[in-house]
Amino acid sequence: MSFLPIVLMFVVLYFLMIRPQMKRQKEQKSMMEALAKGDEVVTAGGILGRVTKVSDAYVTLEIANGTEIVVQKVAVSTLLPKGTIKAL
């Protein structure tokens, strides 16, 4: 009976912290695997760009006309809807 509060605390910790984090990691991984040429993304540093080339670990982004940079896939934080860059 004295272990009940400790067990209850771990159950609450699981549902409030661990489970949502695992779900977020799973969504991030599936987003990285689904990156394709033409997708518009935001990097962890806040750079907006259009994907021009995808390899195993790197993504080439066009950030302006004729300006391309190579970033790691893990640096891509958000996938934007099509046409977002033109709207800016």
Side-chain angles (χ1 to χ4, degrees):
M1 200 63 175
S2 64
F3 289 111
L4 184 64
I6 294 172
V7 171
L8 183 62
M9 185 172 61
F10 279 113
V11 169
V12 169
L13 179 73
Y14 175 77
F15 282 107
L16 292 179
M17 295 179 72
I18 297 170
R19 189 170 178 236
Q21 184 177 3
M22 288 173 33
K23 183 178 178 183
R24 207 172 312 122
Q25 285 176 340
K26 184 178 177 183
E27 290 172 356
Q28 183 76 10
K29 184 179 177 183
S30 66
M31 187 263 305
M32 279 190 235
E33 291 173 355
L35 282 177
K37 184 177 177 180
D39 288 344
E40 297 177 357
V41 296
V42 177
T43 65
I47 298 173
L48 278 77
R50 181 173 292 113
V51 176
T52 58
K53 182 179 175 186
V54 179
S55 65
D56 290 339
Y58 297 97
V59 174
T60 304
L61 299 178
E62 181 181 27
I63 56 174
N65 290 333
T67 307
E68 292 185 345
I69 60 172
V70 179
V71 297
Q72 291 180 333
K73 271 189 174 182
V74 295
V76 175
S77 62
T78 309
L79 184 64
L80 299 172
K82 299 279 184 182
T84 301
I85 294 178
K86 287 184 181 182
L88 298 175

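Values below: every heavy atom of this structure, side chains too, minus hydrogens, waters and symmetry copies.
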Which ILVMFWY residues are connected to [X], directly or by a chain of links, through side-chain heavy atoms under 4.5 Å apart?
X   : result
L80 : V42, L48, I85, L88
Y58 : V70
I63 : M31, L35, V41, I47, V51, V54, V59, L61, I69, V71, V76, L79
M9  : none

Review point. Do any pairs count as a salt bridge (Lys or Arg N to Asp or Glu O under 4.0 Å) and have a residue in residues 50-78, sequence neighbours left out, and if so which ones?
Key: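 Counting only pairs at least two positions apart or across chains, the salt bridge (Lys or Arg N to Asp or Glu O under 4.0 Å) contacts touching residues 50-78 are E40-R50.
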Review point. K82: what forms a salt bridge (charged side-chain N to carboxylate O under 4.0 Å, His left out) with it, not counting sequence neighbours?
Key: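 By the salt bridge (charged side-chain N to carboxylate O under 4.0 Å, His left out) rule, K82 matches D39.
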Practice item. List the atom of S77, the atom of A44, and the distance in Å for their closest heavy-atom pair. Key: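 So the minimum-distance heavy-atom pair works out to OG-N, 4.0 Å.
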Check your understanding: Are V11 and L4 co-members of a hydrophobic cluster defined by side-chain heavy atoms under 4.5 Å apart?
Key ->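 They do not share one cluster, since no chain of ILVMFWY contacts under 4.5 Å joins L4 to V11.
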Check your understanding: What residue pairs, at least two apart or across chains, pass side-chain hydrogen bond (donor to acceptor under 3.5 Å, both in side chains) with a residue in residues 1-28?
Key ->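 Counting only pairs at least two positions apart or across chains, no side-chain hydrogen bond (donor to acceptor under 3.5 Å, both in side chains) contact touches residues 1-28.
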Practice item. Report yes or no: does T52 contribute a side-chain atom to a donor-acceptor pair with the main-chain N or O of T60 at less than 3.5 Å? Key: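 Present.
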